[in-house]
Amino acid sequence: MESKRDFLKKLGLITVGGIVGGTVTPSLASGSGSKLSAPKKSIGLQLYSLGRELTEDVPGGLKKVAQIGYSTAELAGYREGKFYNTGVTEFKKMAADAGLKVTGSHVNPPVRKYTTENKGEIADFWKKTVEEHAKLGVISLVQPGMPSVESNDEAKIVCEVFNKAGEIAKASGIKWGYHNHSGEFQKAVKDEDKGKRGVQGDVIYDLMLNGTDPNLVFFEMDVYWTVMGQNDPLEYFDKYPTRFPILHIKDRSILGQSGMMNFENIFNKAYKNGLEEFYVELEGIRQGITQFEGVKLCFDYLAKAPFVK
Ligand code: MG
C-alpha cells in the first residue's frame, strides 16, 4: 500500500516540505534530502533580558540560553573588572562550556554628566574596561545609558567623550558603540537660545550621530525605543546607512506580539545596509511566564520568521 509520504512525493509536494494550513512544518521540511534544511540562524541575546533568573545561577543560565538556540550573547554584568561577579578567565570558560559566544557587552561609565574636568577620568574608565573586555574577546562594547545632554554644548562634550572611548576600544580591536532609549529623541538647544520662544532645537540622537567619528563610534539602535521616541528606524537607516551595524531587536514584550513593530521592514533594510549582528532584548514581560520562557518565545519568532537570515 502506498504510504502518505510516497503519495505526497508523487504529487511533488514533499519537495517543499509538508504543507499544513498553508505553513511549512519544520519536522517534514528538515527530513533527509530536503533542500529546506537551512543552516541554523545566528541569533543573539542581550542577557539583561533574563534579570535575576540568570544572576541566580550564571553557569546554568548560560547553558539554558544556548539550549534555547541562541548563538551569541551580549552581557550586561560587568562591574569593576568582573563579569557577573566572576573573573575574566573563569567567565570565559563558563560561556565556552555553555556553548555560547560572548560577542558584546553593555557597560556604563560611573558618571552621567560629562565635563571638560572629568573627561580624563571617563577615558581612564574605558581604558580599564576595554582591557578586561579584550581578554574576554568581545567584538563590541556598548554604552547603554544616556549621559546628561541639555544643550548643544553638552552634546559636543558627550561626542568628544564617545570618540575617545571609541579610539581606546579600537586600539584593542573592539568596536565601541552607543545604545539608545527614547530620551535621545528629545531636543537640545544651543546655550544662547535657552529660554527663547520658538527655538526648535536639535534632536540629541542626531547631534550624537553627526558629532561622532564613524570610524570610532557606531550606534546600536534599539528599534523599539526608537519607535517609542516617535521615530522610524527605517528613516535613520536611510539617512545613516553605515552607522547601525548592530541592533537591539525588541518589542513591547514578546517579539512580534504588539503589532507595533514592523520587523520585516527593519531586517530587510538593515541587511541591505550590512547588518553584522543583532541581539534580542526582552522587557515588560506579562505575568505568568518566566523570563527564560519569554526569551524562548522571542527566539522562536525570529527562527520562524522568513525575513531573518
Ligand atoms: Mg535595548
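Each ligand, and each atom within it, is numbered from 1 in the order the structure gives.
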Engineer: Looking at every heavy atom in both Phe263 and Gly256, which two are closest together, and how far apart are they?
Structural biologist: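 Closest heavy-atom pair between Phe263 and Gly256: CE1-N, 3.8 Å.
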Engineer: Would Lys269 and Phe237 count as a cation-pi pair here, with the cationic atom under 6.0 angstrom from the ring centre and within 45° of the axis?
Structural biologist: no
Engineer: Evaluate side-chain hydrogen bond (donor to acceptor under 3.5 Å, both in side chains) for Ser49 paired with Tyr279, printing each intermediate quantity in order.
Structural biologist: CA-CA 10 Å; Ser49 310; Tyr279 299 104; over 6 Å; no
Engineer: Is Asp222 close enough that one of its N/O/S atoms sits under 2.8 Å from the Mg ion (ligand 1)?
Structural biologist: yes
Engineer: Only one of Glu184, Gln143, Glu220 forms a side-chain hydrogen bond (donor to acceptor under 3.5 Å, both in side chains) with Tyr178, so which one is it?
Structural biologist: Glu184
Engineer: Hey, what's the angle at the Mg ion (ligand 1) spanning ND1 (His248) and NE2 (His179), nearest 10 degrees?
Structural biologist: 90°
Engineer: With a cut-off of 2.8 Å, does Glu281 place any N/O/S atom under that distance from the Mg ion (ligand 1)?
Structural biologist: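 Yes, Glu281 qualifies, because one of its backbone or side-chain N, O or S atoms lies under 2.8 Å.
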